Amino acid sequence: MPLKWLGRHLKGHVLLFAPKYSLAYESSAGLRLLLIFLLLEAVIGPRLSLFRLLGLPLPPPWLRVPVLLGLGLVLIRFFARLRLAQIGLSAWRYWSVTEKSYFFQVFLIANAVFVILYADQLRMILADTSLRGQAALVVFTNLLWGFHQELVYRGILQTELVRRWGSLLGILVSNLLFTFGPLHFYHFSGSVPGRALPMFAGIFLIGLFFGVLFRRSGNLAIVGVLHGVGNCYMDGLGNLGN
């Protein structure tokens, strides 16, 4: 019995999650999912490139990120006409013990590792009262930004490509677009020569892990929060005050 109990709390680390009930949808809904992806990434742009083309002022990140995330959720629900559970967003009460345990364990481990890596920066933030409010806003924005990226590339795009082409090709193609598509395309012009390859390799490998984790668990919230935590430190708190 203790081994069985322990196993339920460790299986997530080898991606052994309980199978989900089938939440299949029609091909017409899948086409609408792809249209949502194109609208969010190619038309509006992940950083509101459409605003720049139209000469409109860009809203601050703390405003535009939740608006983009909310827009994606609304389009899935009312344009694609899918329940959010069909793209991996289920209520907490429907999570298995393995999902809940894995989420808490990895969330705590990730934060512990990042706190060690960014200890000097975090000490500076805690010592400077003027930075604390900024830090809270940075955490809020980057957590939602990571969740939005997972919603678009895993919840919307990967879900539909896996339905069409199967797991291997669906995960691979969606992750290639995640790595080299509109989301990270700006790195091509801003990268220091010689650093582009390892940077894109890192993005691809992290994205591949999230893609496989999402496929195995069927839980978009797990990958969304973990991605957001990484953004909070690497793109947010780690640069605050510099």
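Being a predicted model, the structure only gives us computed values, none of them experimental.
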Quiz item: So does R32 have more than 12 non-hydrogen atoms from other groups sitting under 6.0 Å from CZ?
Solution: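 Yes, because the 6.0 Å sphere around CZ of R32 holds more than 12 heavy atoms from other groups.
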Quiz item: Around atom CG of L54, are there more than 12 heavy atoms of other residues, nucleotides or ligands at under 6.0 Å?
Solution: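 Atom CG in L54 is crowded, with more than 12 foreign heavy atoms closer than 6.0 Å.
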Nearest-0.5 Å distance, [atom1] of residue [X] to [atom2] of residue [Y]:
X    : Y    : atom1 : atom2 : result
N219 : R154 : CG    : CZ    : 14.0 Å
L183 : Q149 : CG    : CD    : 4.5 Å
L168 : R215 : CG    : CZ    : 11.0 Å
C232 : Y118 : SG    : OH    : 11.5 Å
L84  : R77  : CG    : CZ    : 7.0 Å
K20  : Q86  : NZ    : CD    : 13.5 Å

Exercise. Quickly, which of L33, L34, V152 forms a side-chain contact (heavy atoms from CB on, under 4.5 Å) with L157? Name it, please.
Key: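 Among L33, L34, V152, the one meeting side-chain contact (heavy atoms from CB on, under 4.5 Å) with L157 is L34.
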Would you name the heavy atoms of [X] and [Y] that are closest together and state the gap between them?
X    : Y    : answer
F214 : V223 : N-CG1, 4.0 Å
L68  : L48  : CD2-CD2, 4.0 Å
H9   : S101 : ND1-OG, 2.8 Å
H184 : T179 : CB-O, 3.4 Å
N239 : Q121 : C-NE2, 4.2 Å
I76  : I36  : N-CD1, 3.8 Å

Treat each ILVMFWY residue as a node, draw an edge where side-chain heavy atoms are under 4.5 Å apart, and state whether [X] and [Y] are in one component.
X    : Y    : result
L75  : F78  : no
V43  : L56  : yes
V139 : L126 : no
L38  : L161 : yes
V74  : F147 : no

Quiz item: Can we call the ring centroids of Y153 and F37 under 6.0 Å apart?
Solution: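 Aromatic pair counts; centres sit under 6.0 Å.
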Quiz item: When the aromatic ring centroids of Y102 and H13 are compared, is their separation below 6.0 Å?
Solution: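 Aromatic pair counts; centres sit under 6.0 Å.
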Parallel, tilted or perpendicular: ring planes of [X] versus [Y], cut at 30 and 60 degrees:
X    : Y    : answer
Y233 : F114 : parallel
W92  : W95  : tilted
F210 : H227 : parallel

Keeping [X] on the side-chain end and [Y] on the backbone end, is there a donor-acceptor pair under 3.5 Å?
X    : Y    : result
R8   : V97  : no
S174 : I171 : yes
N231 : G236 : no

Self-check item: Under 3.5 Å side-chain donor-acceptor pair for Y25 and E160
Solution: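 Short answer, yes.
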Exercise. Step by step, work out the side-chain contact (heavy atoms from CB on, under 4.5 Å) result for I44 and L71.
Key: CA-CA 11 Å; I44 297 176; L71 177 61; 3.8 Å; yes
Exercise. Walk me through it: do T129 and R132 pass the test side-chain contact (heavy atoms from CB on, under 4.5 Å)?
Key: CA-CA 5 Å; T129 55; R132 294 175 189 173; 3.7 Å; yes
Exercise. Apply side-chain contact (heavy atoms from CB on, under 4.5 Å) to L69 and V65, showing your working.
Key: CA-CA 6 Å; L69 176 59; V65 169; 5.6 Å; no
Quiz prompt | L16 vs T98, side-chain contact (heavy atoms from CB on, under 4.5 Å): CA-CA, chis, key distance, verdict | solution = CA-CA 8 Å; L16 293 177; T98 300; over 6 Å; no
